[in-house]
Amino acid sequence: MTRIMENSDIVSHTDDTQKAPRAAAYRSEISEHFQGDFPIFINRWEEGFALREHDHAYLEIVYVMSGDGFHYVGDRIERTTKGCLYVLPVGTSHILRPSDAAARRKLVVYNLCIRPEFLEVVAGWLAPYGRGGEVLAFFEGSPGAHLSLFDQRMEIGRHFVRMHREFTEKRLGYEANLFAGLLQIAVRLARLRLDGSYADEAAEAADSGRKGLSMSDIQTYIDLHATEPLTAESLAAQAGLSPRHFIRLFQKSAGTTFSGYLQLRRIEYACKLLHETAHKISVIASLAGYRDQAHFRAVFREQMGMSPSEYRKGGGARR
């Protein structure tokens, strides 16, 4: 089963929440990756904490091959795991992070990069032959937008594996096989869209308000709002459950308590701020949702095995 959704369909949120000032996103230029005039680049990459938030001068399609973690897109945070695919237009800033530096299952992705002008060339190839050019519409988008898809059976992943092998080995005809692989991915995504997957996701989102949020919805909500005042009682009401039953179901679904899950997400966000900003520890504690700095330090040490200051100095990279 493959499910697809637009980024606006995940969880809605307002813009009046407190956000941490971020360093300007790094711009990844075409010259960094593309070889000569060839319009496609693909690599296999293990995500960590060294790479900073960035946008691209090219279209990027990211496919998560293994592991789990978080995907930061602009001001949004999404959980990510194997089978997740992201279409990122030119100018959309993002970064992927593993669940933690000591994760046993590495967060490994394929990055498929395409020169934007090449899509116009391909559209020109297909234009004389019926509706073929429509498959490329999936790659259109303005800066800041993105599309997310979950490929539960890893059906699309095999295309990325083959394209990476072709790009790496560069055997006779590899260019044609890369073009073919790109078109196969485009057709697969376009057919999902045509089959009504977007409509199905929208219907699920509309129904959730009437039926009560699922535990998966609640976890996603916490991921996006972890720095805000959240209580088990308020989320239980959203799920249409008693607080006691909610706590029991949440622990069964998440594998940890509600409080433990919330603290984990807040410390994850604090790690991001420690790595990417020069804020004081007290400010980071507040932005991560902690009113008491001493409590923040205690939770941070419990989760990360070191103090916030030690993590900022590079201790987190050595875990």
Side-chain angles (χ1 to χ4, degrees), residues 3-28 47 49 51-56 59-64 67-100 107 109 111 138-151 197-198 201-202 204-205 208-209 213-214 216-230 235 238 254 261-262 264-277 279 284 287-289:
R3 296 185 291 108
I4 191 166
M5 66 186 81
E6 295 192 54
N7 53 344
S8 59
D9 291 335
I10 301 173
V11 175
S12 61
H13 58 100
T14 60
D15 292 327
D16 57 359
T17 55
Q18 188 178 21
K19 299 184 179 73
R22 300 197 313 272
Y26 172 77
R27 167 53 68 100
S28 178
E47 298 289 354
F49 291 89
L51 191 65
R52 59 180 285 192
E53 182 178 356
H54 58 280
D55 62 24
H56 319 90
L59 174 77
E60 183 175 54
I61 307 172
V62 180
Y63 190 91
V64 181
D68 52 49
F70 299 91
H71 187 209
Y72 299 84
V73 189
D75 293 326
R76 300 180 65 85
I77 306 175
E78 305 171 346
R79 286 181 298 159
T80 191
T81 189
K82 65 178 183 180
C84 285
L85 181 149
Y86 306 102
V87 179
L88 301 155
V90 173
T92 294
S93 63
H94 80 123
I95 190 68
L96 284 150
R97 298 283 192 226
S99 296
D100 62 77
L107 182 59
V109 305
N111 297 302
F138 198 91
F139 298 145
E140 297 175 357
S142 57
H146 81 289
L147 295 175
S148 303
L149 176 149
F150 181 52
D151 181 22
S197 297
Y198 278 102
E201 288 290 336
E204 287 182 19
S208 67
L213 296 177
S214 68
S216 177
D217 294 330
I218 291 292
Q219 287 177 244
T220 299
Y221 185 87
I222 295 172
D223 292 344
L224 293 168
H225 299 267
T227 61
E228 302 171 20
L230 298 178
L235 293 178
Q238 292 189 48
Y261 189 88
L262 179 60
L264 180 64
R265 296 301 167 247
R266 286 178 171 175
I267 295 302
E268 155 69 18
Y269 184 58
C271 288
K272 181 177 187 290
L273 296 180
L274 286 166
H275 181 74
E276 297 183 357
T277 75
H279 294 321
I284 289 177
L287 291 171

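Between Tyr63 and Gly83, the closest heavy-atom pair is OH-CA, 3.8 Å. Of all non-hydrogen atoms in Leu59 and Val90, the two that sit nearest each other are N-CG2, 3.9 Å. Shortest non-hydrogen contact noted between Pro98 and Glu268 is O-OE1, 4.2 Å. Summarising the geometry of Ala226 relative to Arg265, their closest heavy-atom pair is CB-CB, 3.8 Å, with the distance given to 0.1 Å. Across Leu96 and Thr80, no two heavy atoms sit closer than the pair CD2-CG2, 3.9 Å.
How far CD1 of Ile222 is from CG of Leu262: 6.5 Å, rounded to the nearest 0.5 Å. Within the model, atoms NZ of Lys82 and CZ of Phe150 stand 9.0 Å from one another, a figure rounded to the nearest 0.5 Å. Rounding to the nearest 0.5 angstrom, the gap separating the OH atom in Tyr269 from the CG atom in Leu287 is 6.0 Å. Summarising the geometry, atom CD1 belonging to Ile61 is positioned 10.5 Å from atom CG belonging to Leu147; distances are rounded to the nearest 0.5 Å.
Under the 3.5 Å distance criterion, the side-chain polar atoms of Thr227 are left unmatched by any main-chain donor or acceptor of Ala288. Side chain of Arg266 to backbone of Glu228: a donor-acceptor contact under 3.5 angstrom is found. Using modelled atom types, no side-chain atom of Arg97 and backbone atom of Phe70 make a donor-acceptor pair closer than 3.5 Å.
Scanning for ring pair (Phe, Tyr, Trp, His ring centres under 6.0 Å) contacts around Tyr261 gives Phe250, with sequence neighbours left out. Applying the salt bridge (Lys or Arg N to Asp or Glu O under 4.0 Å) criterion to Asp55, with sequence neighbours excluded, gives Arg27. Listed by chain and number, the residues in a ring pair (Phe, Tyr, Trp, His ring centres under 6.0 Å) with His275 amount to none (sequence neighbours excluded).
Below 30°, between 30° and 60°, or above 60°: for Tyr86 and His146 the angle between ring planes is between 30° and 60°, a tilted geometry. The aromatic rings of His54 and His56 sit perpendicular to each other, their planes meeting at more than 60°, with 30° as the lower class boundary.
Partner of Val64 under the side chain to side chain contact (heavy atoms under 4.5 Å, CB included) criterion, out of Thr81, Leu85, Val109: Val109 alone. Of the options Glu53, His71, Arg76, a side-chain hydrogen bond (donor to acceptor under 3.5 Å, both in side chains) to His94 is made by His71 and by none of the others.
A 4.5 Å side-chain heavy-atom check between Ile284 and Thr277 finds at least one atom pair inside the cut-off. Using a 4.5 Å heavy-atom cutoff, the side chains of Ile95 and Arg52 are not in contact.
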